[in-house]
Amino acid sequence: MVVIGPGGVGKGTLARRAVERDPGLTLSRSWTTRPPRAGEHGDEYVFVDRETFERAVDDGYFLEWAQFQGNLYGTPRPNLGGGGDVLLEIEAQGAEQVRHEFPDAVIILVRAPSLSELEERLRARGDPEGHVQRRLASTATELSDGERLATHVVINDDVERATDEILSILEAVRRERRAVDEGLT
Ligand code: 5GP
């Protein structure tokens, strides 16, 4: 399952909340060449230099990877043998690659209730003003790419309510999968 959406929309918070609430769901830990932000503890990403990242690309280590605002981000190929579901919180180019490899992937676009709310949330993160402006400028593209790719749209008006919605989408997918499996046996 993939969660996408513009920066500041709260998709990271929703993703973390969803895995906290659902024991069968694990959050994929991405690699990035972006330096850690103040307040990040180091477990948000595997922080690496560009050379290490590029070597991993050459080794076929990533399920998907993309350049976003000058930094590289990638999802290590998940070990799907465990039987659980994996949640990726990534940007749209990466979601497109996932869809290419897994055409049935559930892709949830998270939207803010309004643009002014999104701007407020981006500023609250304490990033430099130039960064906030670049993120706002890319919001329109992220939303239109997101609309094109998404199988579901969730409005993040309230964290618990939006998490409920994400988990009920997951439950519906699991029910459908069980029905297909039972049909085959
Ligand atoms: P941030 O630098 O704010 O943590 O993340 C910037 C963007 O990169 C966000 O939209 C986030 O979802 C996306 N991102 C994080 N990890 C990955 C990844 O592994 N692959 C891709 N394609 N995007 C990612």
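Counting starts at 1 for both ligands and their atoms, in listed order.
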Indicate yes or no: does [X] engage [Y] in a salt bridge with an N to O separation below 4.0 Å.
{"X": "Arg174", "Y": "Glu171", "answer": "yes"}
{"X": "Glu160", "Y": "Arg17", "answer": "yes"}
{"X": "Arg178", "Y": "Glu182", "answer": "no"}
{"X": "Asp164", "Y": "Arg21", "answer": "yes"}
{"X": "Glu44", "Y": "Arg37", "answer": "no"}
{"X": "Glu20", "Y": "Arg16", "answer": "no"}
{"X": "Glu119", "Y": "Arg135", "answer": "no"}

For [atom], which protein heavy atom lies nearest, and how many Å away is it?
{"atom": "atom 5 (O) of ligand 1", "value": "Tyr45 OH, 3.3 Å"}
{"atom": "atom 3 (O) of ligand 1", "value": "Arg37 NH2, 2.8 Å"}
{"atom": "atom 20 (N) of ligand 1", "value": "Glu64 OE2, 2.7 Å"}
{"atom": "atom 16 (N) of ligand 1", "value": "Ser30 OG, 3.1 Å"}
{"atom": "atom 22 (N) of ligand 1", "value": "Glu91 OE2, 2.6 Å"}

Which ligand 1 atoms are under 4.0 Å away from a heavy-atom of [X]?
{"X": "Gly94", "value": "22 (N)"}
{"X": "Thr75", "value": "18 (C), 19 (O)"}
{"X": "Arg34", "value": "1 (P), 2 (O), 4 (O)"}
{"X": "Ala66", "value": "22 (N)"}

What do you reckon, does [X] put a non-hydrogen atom under 4.0 Å from ligand 1?
{"X": "Glu44", "value": "no"}
{"X": "Lys11", "value": "yes"}
{"X": "Glu40", "value": "no"}
{"X": "Glu89", "value": "yes"}
{"X": "Gly74", "value": "yes"}

State the [atom1]-[atom2] distance between [X] and [Y], to the nearest 0.5 angstrom.
{"X": "Thr151", "Y": "Leu109", "atom1": "OG1", "atom2": "CG", "answer": "10.0 Å"}
{"X": "Glu89", "Y": "Ile108", "atom1": "CD", "atom2": "CD1", "answer": "12.0 Å"}
{"X": "Tyr61", "Y": "Arg77", "atom1": "OH", "atom2": "CZ", "answer": "11.0 Å"}

Please work out, at 4.0 Å between heavy atoms, whether the side chain, the backbone, both, or neither of Phe68 comes within that distance of ligand 1.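 Phe68 to ligand 1: side-chain contact only, backbone stays beyond 4.0 Å.
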Is the contact between Gln97 and ligand 1 made by the side chain, the backbone, both, or neither, using heavy atoms and a 4.0 Å cut-off?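 Gln97 to ligand 1: no contact under 4.0 Å from either part.
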Ligand 1 to Glu142 polar contact by distance, N or O atoms, under 3.5 Å: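 N/O-N/O distance under 3.5 Å: no.
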Do Phe62 and Phe53 have ring centroids that are under 6.0 Å from one another?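 Here the rings of Phe62 and Phe53 have centres that are less than 6.0 Å from each other.
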